[in-house]
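Note that this is a predicted model, so its numbers are computed, not measured.
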Amino acid sequence: MTTRRSFLRHVAAATGASALAAFEPARSALAAELEGVRSRAAGQPDLAWLRTEYMLAPDVLYFNHASIGTVPRAVHEALVRYLEVCEANPHLHIWGDVWDAPRESVRAAAGALLRCAPADVAITHNTTEGFNTLAQGLPLGPGDEVLFSTLNHGGASAPWQHHGAARGYATRRFEFPLLDTPSLSAADVVEIHMREITDRTRMLVFPHIDNIVGLRHPVAALVRAARARGVEYVAVDGAQAAGHIPVDVVADDVDFYAASPHKWIQSPKGLGLFYLKSAHRERLRPMWVTSGQVPRGTVRIYEDYGTRNSPGVLALGDALAFQASLGEPAKTARYRAMWTGFRDAVEAAPHLSWRSPVDWDLSCSIYAVEVKGQQSAALAERMYARHGAVFRPFARQGVETIRISPNTMTTDAEIARLLELLAAEARG
């Protein structure tokens, strides 16, 4: 095995330059596309023109980016080219060092997004992988407690429950007052969590943005308060935040942050980001184990499991570049304008109720709306069958809501059409 791998690596090194050259048409086309996006974003900050940069079918009203995002056409085309290069010389895909430098450039872009050192970010498969790594690899045991609320996504909850049962540490899930969301302040959100902490609580887990009502948790304040109460670790689910709102894991002082780029970063599916403070690397065991694994103490230990989809990793870097080309201020302005307009329309409509935060600092582009007299799951099914409208239904604490999650390329006309259809459904 060692001889075979050495031989293949030698051949790969010899042909690596030609493989990199084969990427050039895709890279050049993408660079030209991004320059155009940058130019248009600067000149037309409402971003309404972005709809043409995606492959969404014209008869689909897509309001479910909080579940699955859609890849920009330019990123998709680059990915296809990378795959073609791989299949033209498959051993480069598996053993070739040709992927090393491009992968590290993706890591650097991910670090820039999270505002941390690239050496502290692993490129994984999704958010859930990050939480499984923590739940099975941290030094937790009998007498320790992992705490989270009912706003925690299952992918950031189930790993603790599963591994805790096997390893002897406790998990506790407390009820978040979901119906009070519109009236909550940042201080209220902190207090709701702090009153649940006990002497046994060693780990606090919460979403940066939850996937039900779109509550933007005050991360820095929660971390400070938890540490003041003796909590050793704080892990944040960033699946709904990365690429959506500004993230600064260092300034917020979180220990761990996991994200799924297929949502708001709009990368190809099956990719994740996992940040961990460098101080924790020696105490967190990797979930994946393979022969010839990279040395312990580097962040790559948490992503080293042998064969992986290297073209997808490269395309993740392209997706990050696409989002960066829009500019964070322009994206934030677009999200806020959509949120304000949708909230105002809901509050003016007698058949609708707003169930999300009413303060922008606690909000985002995820809105929970009650359509009075409607069962949310049936409504979602009907709206898709009749009109191609896609959104997520929820039923929590006795209230039926639909979750609307537009992205930057969602047009004002699409938003108006959705509101019109909801009014028609409410009238029967």
Worksheet item: Going by atom types alone, do N152 and S149 pair a side-chain donor with an acceptor below 3.5 Å?
Response: no

Practice prompt. Show the numbers, then the answer: is there a side-chain hydrogen bond (donor to acceptor under 3.5 Å, both in side chains) between T201 and E145?
Written response: CA-CA 5 Å; T201 307; E145 176 186 83; 2.6 Å; yes

Worksheet entry | S405 side-chain N/O to F63 backbone N/O, donor-acceptor pair under 3.5 Å | yes

Item to complete: Quick one: sort the F274 and F256 rings into parallel, tilted or perpendicular, breaks at 30° and 60°.
Response: parallel

Practice prompt. Mind telling me whether W264 and H65 have parallel, tilted or perpendicular rings, with 30° and 60° as the class edges?
Written response: tilted

Discussion item. Between D304 and R300 (side chain of the first, backbone of the second, donor and acceptor by atom type, cut-off under 3.5 Å), is there such a pair?
Written reply: no

Fill in: Salt bridge flag under 4.0 Å for residues D144 and R167
no

Worksheet item: Do the charged groups of R417 and E414 touch, with an N to O distance under 4.0 Å?
Response: no

Worksheet item: Is the backbone N or O of H351 less than 3.5 Å from a side-chain atom of K372, with the two atoms forming a donor-acceptor pair by type?
Response: no

Discussion item. Tell me whether T410 contacts the main-chain N or O of N407 through its side chain, where contact means a donor paired with an acceptor under 3.5 Å.
Written reply: yes

Discussion item. Quick check against the 3.5 Å criterion: does T181 have a side-chain atom that pairs as donor or acceptor with the backbone of L178?
Written reply: yes

Practice prompt. Keeping the roles fixed (side chain from S376, backbone from E400), state whether a donor-acceptor pair exists under 3.5 Å.
Written response: no

Discussion item. Does V231 form a side-chain contact (heavy atoms from CB on, under 4.5 Å) with L147? I'd like the steps, not just the answer.
Written reply: CA-CA 10 Å; V231 175; L147 177 69; over 6 Å; no

Worksheet item: Between F174 and H193, does a ring pair (Phe, Tyr, Trp, His ring centres under 6.0 Å) hold up when you go through it step by step?
Response: CA-CA 9 Å; F174 66 91; H193 285 79; 5.5 Å; yes

Worksheet item: Should the ring pair Y233 and H280 be called parallel, tilted or perpendicular, given that the plane angle runs from 0 to 90° and is split at 30 and 60?
Response: perpendicular

Worksheet item: Is the backbone N or O of P207 less than 3.5 Å from a side-chain atom of H217, with the two atoms forming a donor-acceptor pair by type?
Response: yes

Worksheet item: Between atom NE2 of H162 and atom OG1 of T171, what is the distance when rounded to the nearest 0.5 Å?
Response: 12.0 Å

Practice prompt. Verify whether one side chain among Y384 and N64 offers a donor that lies under 3.5 Å from an acceptor in the other.
Written response: no

Item to complete: Give a yes or no on whether a salt bridge exists between D120 and R107, defined as a side-chain N under 4.0 angstrom from a carboxylate O.
Response: no

Practice prompt. Answer yes or no: is there an ion pair linking K331 with E328, defined by an N-O contact shorter than 4.0 Å?
Written response: no

Fill in: Cation-pi geometry met for R172 and W160 (6.0 Å, 45°)
no

Fill in: Exercise: identify the closest heavy-atom pair between Y367 and W339
OH-N, 3.3 Å

Worksheet item: Between Y257 and H208, is any side-chain donor less than 3.5 angstrom from a side-chain acceptor?
Response: yes

Discussion item. Taking V213's backbone N and O only, do any of them form a donor-acceptor pair with S356's side chain (distance below 3.5 Å, no angle check)?
Written reply: yes

Discussion item. Checking the side chain of R396 only, and the main-chain atoms of T150 only, is there a donor and an acceptor separated by less than 3.5 Å?
Written reply: no

Discussion item. Main chain of D359, side chain of S363: is a donor-acceptor contact present, judged purely on distance under 3.5 Å?
Written reply: yes

